[in-house]
Amino acid sequence: MRISESFIPTMKEIPSEAQIPSHQLMLRAGMIRKLASGVYTFLPLGYRVLKNVEQVIREEMNAAGAQELLLPTLHPRELWEETGRWGLYGDEMLKVTDRNKREFGLGPTHEEVITDLVRREVRSYRQLPVILYQFQTKFRDEIRPRFGVMRGREFIMKDCYSFDRDEKGLEINYQKMVQAYKNIFTRCGFKFKVVQADSGNIGGSLSHEFMVLADTGEEALYYCEACDHCQKAKEEDDNSQAGREKLSCPKCNKEMTYTRVIEVGHTFNLGTKYSAAMKATFLDEKGEAQPFIMGCYGIGVSRIVAASIEQSHDANGIIWPLSIAPFKVMLLPLDVSNEQVKVTAEKLHQDLQAQGVTVLLDDRDERAGVKFKDADLLGIPIKVIISTRNMAENKIEIKLRSKNDAIKVDLPETLSKIMAMVKA
RNA sequence: CGGGGUGUAGCGCAGUUGGCUAGCGCGCCUGCUUUGGGAGCAGGAGGUCCUCGGUUCGAAUCCGAGCACCCCGACCA
């Protein structure tokens, strides 16, 4: 992809509406633009990252035996009346009325819809377990949207639902999902913790929250460096640094570390909360109707994009991990009026694309400084610098966004060197 | 929903005891020069000063109402 032909509107100045690094950098790097409070457009660069995150999640979900589908956004009121949540969800649910005055909610979560589907289609214990998931835009009329896509009113979520015949089956699938989540967040390059949590409105007995460590996180927890035990911080701990209590780990008695965190994933053991309310049953071996034992598993996909930046950036811009970077390689020909520089860059561009490597070529007739600044802002992991200076000795330069030092490589070895880095 | 703040060019802002043609930096367009960390000079385009109403000879500026956005809090699968 050539910068000259792409839609990546970068900004030098920090928009006054953005307070935290990820929000500022997503705006400055041309990843997102605001349409209304808590409602954002993903521009091509941001969308690429979003898609990469989705793909990581998709691979791990499929590997865990889940199947992807797509549920509707419009939910008829009657369905939500079955569980009593039409009233319980209240103003947080955005509502619309059709031409026949029929009421719908814009889906803030999909337990009702998925349970309705499964109760219609699954009749026998022989068809269980079933694990289904989707990527979808969720709507929640948050009291206070903030921090860009971190807490939006419209956002992308991966939600997954498991249906089992008994608690034992659920336990197996639940553990599979927890492991899949650990794989996902590891692949995304996160430092994260898993903490047992309240299950809140969704209900059920057991739940785990997946928390990315970041100073700007809206929540906080204590963790033990020795045994990895975690517990959520109480509100009074969050608010006053000074008055924060010192907690000892209940398992190994060492003092625990306080950290702010961003919730990126949440798993719930739902039991029969929804299946019972909605009369969603299957027949067991004895021909008796039994309610499905359910689990649900959510990941904030668009939030992950912001959380990644929150955890990995510097004064100059974003630092993407290879796994979700919008492009893996950025080519920086510093003087496109030099024919040899230009030709070398074009050749690398073609060769990398032929190898299936995502690459962004800064083919603009801009000064070196401008290109370097934009490259650092965009945060593409591998920077390849092609300059008149290096051409003289038949070399190019490779710099990792995450490191300061550059390595010089003989021109003929460039491609293989980059390929080795991409695969690392 | 309570408290605080802000709305002036694409972005960041100044101008607000009422006054003349509404300004600065960045960005954008044209030309020349420049070319390893957001270049220089010259020329140029771009504004319902958030909206509506009121006061006044005259309103970006004063008054009233509304809207939007941001921050703190409560809330949040």
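Bear in mind the structure is a predicted one, so any value in this text is a computation, not a measurement. Throughout, a chain's letter reflects where its sequence line sits, starting with A, and its residues are numbered from 1. Scope of the values below: all heavy atoms of this structure, side chains included, with no hydrogens, waters or symmetry mates.
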Note to self: What is the distance, to the nearest angstrom, from the CG atom on A:L27 to the P atom on B:C69?
What the structure shows: 15 Å
Next item on the list: Please determine, for B:G19, whether a Watson-Crick or G-U wobble partner exists with both distances under 3.5 Å, and give it or none.
Entry: B:C57
Item checked: Salt-bridge contact A:D363-A:K342 (side-chain N to carboxylate O under 4.0 Å) -> no
Note to self: Looking at the base of B:G37, is there any donor atom on it, or on the side chain of A:E366, that sits under 3.5 Å from an acceptor on the other one?
What the structure shows: no
Measure all distances between protein nitrogen or oxygen atoms and nitrogen or oxygen atoms of nucleotides 1-11 of chain B, and list the pairs falling under 3.5 Å.
unit_1: B:C11; atom_1: O2; unit_2: A:E13; atom_2: OE1; d: 2.9

Notebook entry, point to check: When you compare B:C49 with B:U8, how far apart are their C1' atoms, in angstrom units rounded to a whole number?
Noted result: 4 Å
Next item on the list: Report the distance from atom CG of A:D365 to atom P of B:C29, rounded to the nearest whole Å.
Entry: 12 Å
Next item on the list: Check whether any side-chain N or O of A:R389 sits under 4.0 Å from OP1 or OP2 of B:G36, and answer yes or no.
Entry: no
Notebook entry, point to check: Can you name the closest pair of heavy atoms from A:Y297 and A:F268 and give their distance?
Noted result: CE2-O, 4.4 Å
Margin query: Let me spell it out: for each of A:G38 and A:E263, pick the nucleotide of RNA chain B with the closest heavy atom. Which residue's pick is nearer the 5' end?
Written below: A:G38
Next item on the list: Would you kindly say whether A:H208 and A:Y174 are connected by a side-chain donor-acceptor distance under 3.5 Å?
Entry: yes
Notebook entry, point to check: Toward the 5' end of RNA chain B, which comes first, A:R151 or A:T10, by nearest nucleotide?
Noted result: A:T10
Item checked: Complement of B:C24, any strand, by Watson-Crick or G-U distances under 3.5 angstrom -> B:G12
Next item on the list: Side chain of A:R367 only, please: which of B:U34, B:G36, B:C76 is the nearest?
Entry: B:U34
Note to self: Would the base of B:G36 count as contacting A:K383 through its side chain, where contact means a donor and an acceptor less than 3.5 Å apart?
What the structure shows: no
Check: Side chains of A:H313 and A:E310: do they bring a donor and an acceptor to under 3.5 Å?
Finding: no
Next item on the list: Please determine, by modelled atom types, if A:Q350 and A:E346 share a side-chain donor-acceptor pair under 3.5 angstrom.
Entry: no
Show each protein N/O and nucleotides 40-45 of chain B N/O combination with a separation under 3.5 Å, one pair to a line.
none

Check: Under 4.0 Å between a side-chain N or O of A:K12 and OP1 or OP2 of B:G27?
Finding: yes
Notebook entry, point to check: Ignoring hydrogens and angles, does a donor from either the side chain of A:D335 or the base of B:G36 sit under 3.5 Å from an acceptor on the other?
Noted result: no
Check: Do A:Y125 and A:F282 have ring centroids that are under 6.0 Å from one another?
Finding: no
Next item on the list: Would you check if there is a donor-acceptor pair between the side chains of A:T109 and A:E111 at a distance under 3.5 Å?
Entry: yes
Next item on the list: Indicate, with yes or no, if the rings of A:F42 and A:Y47 have centres closer together than 6.0 Å.
Entry: no
Next item on the list: Would you name the heavy atoms of A:I309 and A:S22 that are closest together and state the gap between them?
Entry: CG2-CA, 3.6 Å
Notebook entry, point to check: Using the ring of each side chain (for Trp, its six-membered ring), is A:H110 parallel, tilted or perpendicular to A:H75, with breaks at 30° and 60°?
Noted result: perpendicular
Margin query: Using a heavy-atom cut-off of 4.0 Å across all strands, would you classify A:Y297 as base, sugar-phosphate, or nothing?
Written below: nothing
Checklist line | Whole angstrom value for the distance that separates P of B:C76 from CD of A:E142 | finding: 10 Å
Notebook entry, point to check: A:L332 has an atom CG; how far is it from atom P of B:G38, in whole Å?
Noted result: 15 Å
Next item on the list: Using the P atom as the reference point in each nucleotide, state the distance between B:C71 and B:C32 in Å, no decimals.
Entry: 46 Å
Item checked: P-based separation of B:G64 from B:G4 [nearest Å] -> 16 Å
Check: Just checking A:A36: base, sugar-phosphate only, or nothing, at a heavy-atom cut-off of under 4.0 Å?
Finding: sugar-phosphate
Check: At under 4.0 Å between heavy atoms, what does A:E397 touch on the DNA or RNA strands: base, sugar-phosphate, or nothing?
Finding: base
Margin query: Taking only the C1' atom of each, what is the distance from B:A14 to B:C29 in whole angstrom?
Written below: 25 Å
Check: A:R28 side chain: which of B:G36, B:G38, B:C69 is closest?
Finding: B:G38
Notebook entry, point to check: So, A:E112 and A:R77, do they make that salt bridge, N to O below 4.0 Å?
Noted result: no
Item checked: Presence of donor-acceptor pair under 3.5 Å, side chain of A:D374 and base of B:G38 -> yes
Notebook entry, point to check: Between B:A45 and B:C50, how far is it from one C1' atom to the other, in whole Å?
Noted result: 24 Å
Notebook entry, point to check: What is the pairing partner of B:A65, taking Watson-Crick or G-U wobble pairs with both distances under 3.5 Å in any strand?
Noted result: B:U51
Item checked: P spacing across the pair B:U17 / B:C62, given as an integer number of angstrom -> 7 Å
Checklist line | Cationic N near anionic O, under 4.0 Å, A:E17 to A:K34 | finding: yes
Margin query: Taking B:G54 as the reference, what is the distance to B:C70 when you measure between their C1' atoms (whole Å, please)?
Written below: 29 Å
Notebook entry, point to check: Does B:A39 have a Watson-Crick or wobble mate here (both distances under 3.5 Å), and if so which one?
Noted result: B:U33
Next item on the list: Return no unless some side-chain N or O of A:S337 is found under 4.0 Å from OP1 or OP2 of B:U35.
Entry: no
Notebook entry, point to check: What's the CG-P distance between A:D362 and B:U35, to the nearest Å?
Noted result: 19 Å
Notebook entry, point to check: Which whole-number value in Å describes the distance from A:H23 NE2 to B:C71 C1'?
Noted result: 13 Å
Item checked: Listed nucleotide nearest any side-chain atom of A:K34, set B:C71, B:U35, B:C69 -> B:C69
Next item on the list: Would you mind classifying the nucleic acid contact of A:N390 as base, sugar-phosphate or nothing, using non-hydrogen atoms under 4.0 angstrom?
Entry: base
Notebook entry, point to check: How many Å lie between CZ on A:R153 and C1' on B:C75, as a whole number?
Noted result: 15 Å
Note to self: Any base atoms under 4.0 Å from A:D376, or only sugar-phosphate, or nothing? Heavy atoms, all strands.
What the structure shows: base
Notebook entry, point to check: Does any nucleotide pair with B:C76 by Watson-Crick or G-U wobble geometry, both distances under 3.5 Å, and what is it?
Noted result: none
Next item on the list: Quickly work out the A:R401 CZ to B:G37 P distance and round it to whole Å.
Entry: 17 Å
Note to self: Under a 3.5 Å cutoff, is there a donor and acceptor pairing between the side chains of A:Y40 and A:H23?
What the structure shows: yes
Check: Counting only side-chain N and O atoms of A:R146, is one of them less than 4.0 Å from OP1 or OP2 of B:C69?
Finding: no
Next item on the list: Could you please name the option among B:G36, B:C69, B:G37 that lies closest to any side-chain atom of A:S387?
Entry: B:G36
Notebook entry, point to check: Distance between the C1' atoms of B:C28 and B:C67, in whole angstroms?
Noted result: 30 Å
